[in-house]
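A note on names: the letters A, B, ... follow the listed sequences, proteins ahead of strands, and every chain is numbered from 1. These numbers were taken from a predicted model, which means no experiment stands behind them. Both backbone and side-chain heavy atoms feed into the values below; hydrogens, waters and symmetry mates do not.
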Number of protein chains: 2
Amino acid sequence: MDDGQATAVLGALAQETRLQILRFLVGRGSKGASAGEIGAAVGAASSRASFHLSSLSQAGLVSSERKSRCVIYRAELDALGAVLKHLVQDCCRGDGRLVSACAGGQVPPRRTFSFLGD
Amino acid sequence: MDDGQATAVLGALAQETRLQILRFLVGRGSKGASAGEIGAAVGAASSRASFHLSSLSQAGLVSSERKSRCVIYRAELDALGAVLKHLVQDCCRGDGRLVSACAGGQVPPRRTFSFLGD
DNA sequence: TCCATATTTCAATATCACTTGAGGTGTTGA
DNA sequence: TCAACACCTCAAGTGATATTGAAATATGGA
């Protein structure tokens, strides 16, 4: 992954409606949800939900599948995982506090032994 | 952390110049770097570097300290850790693949047995 | 075929972000 | 005090993105 791809995915996440959509879809798991359900769940008009869903889809964060009349969307976490890996490992040198934060731990204050250098 | 704060930090990261600045500053560790050095390192004019640094600073991703003529910037990873935690734990329910991706592992496909081919 | 449902596309508008260059503030040393 | 330096702020131009409502497309059933 390069910085350009990473910023594209980060940009897709940097919007409250889209973050809500992602959370909702992760909660639905492999069952997914139709565009209409998603819009209702996040309080967005249908055209607005469609706009944000296509944004997420382009970033690879959701997949879509037509099912009769409805289009079912599902969260796809591979792209998010790749971006997190890029951020933590490539941009931030695998900083241990970031890794433990991802795992649900606190972000502890930095305790540096400065004589050892950075 | 709420979605509004998270999207603010994500928005700050969703820009290539700023991602480059963050990477550069993480590499410098506690030594930090002056605005001039940073601008030169990422190939940005001084006003542009200043603009992006203030953006990162507002998001809490860098701190600044005046040192004589120069302003020294340092990466501050606490805000990033909090956002990663919000993303992985709150939005994505602590998904194990995301946690392992942050730790540097692959983002494994959901299918365990791949010998069946595609 | 016709109609209702589900979703997307389009156009118009508003808002926000990025870049550039000019000019301003603050600091240092002659 | 003056000049050189480091950095920031401002305004203008440009482009991207968000929102809304209306219209268009696709699907399934009467």
Checklist entry - Counting distance only, does the side-chain N/O of A:Gln89 pair as donor-acceptor with the main-chain N or O of B:Cys102 below 3.5 Å? => result yes
Item to check | Flag side-chain contact, heavy atom, 4.5 Å: B:Val99 against A:Val99 | outcome: no
Checklist entry - What nucleic acid atoms does B:Ala35 come within less than 4.0 Å of, heavy atoms only: base, sugar-phosphate, or nothing? => result sugar-phosphate
Item to check | DNA chain D: 5'-most and 3'-most nucleotides touching chain A, 4.0 angstrom heavy-atom criterion | outcome: D:dA18 to D:dG28
Item to check | Residue met sooner reading DNA chain D from 5', once A:Ser55 and B:Ser54 are mapped to nucleotides | outcome: B:Ser54
Checklist entry - Within the side chain of B:Arg74, is there an N or O that forms a donor-acceptor pair under 3.5 Å with the backbone of B:Glu76? => result no
Item to check | Note: B:Arg93-B:Asp95 ion pair, threshold 4.0 Å (strictly below) | outcome: no
Checklist entry - Looking for any heavy atom pair under 4.0 Å, which part of the strands does B:Ser68 touch: base, sugar-phosphate only, or nothing? => result sugar-phosphate
Next on the checklist: With a cut-off of less than 4.0 Å, is there a side-chain N or O of B:Gln15 near OP1 or OP2 of C:dT19?
Outcome noted: yes
Item to check | Validation row: A:His86, A:Gln5 side chains within 4.5 angstrom (heavy atoms) | outcome: no
Item to check | Option from A:Arg23, A:Gln15, A:Gln20 for which side-chain hydrogen bond (donor to acceptor under 3.5 Å, both in side chains) with B:Asp3 holds | outcome: A:Arg23
Checklist entry - Atom CD of B:Gln58 and atom P of C:dC16: how far apart are they, to the nearest Å? => result 13 Å
Checklist entry - Rounded to whole angstroms, how far apart are CG on A:Leu53 and P on C:dT9? => result 11 Å
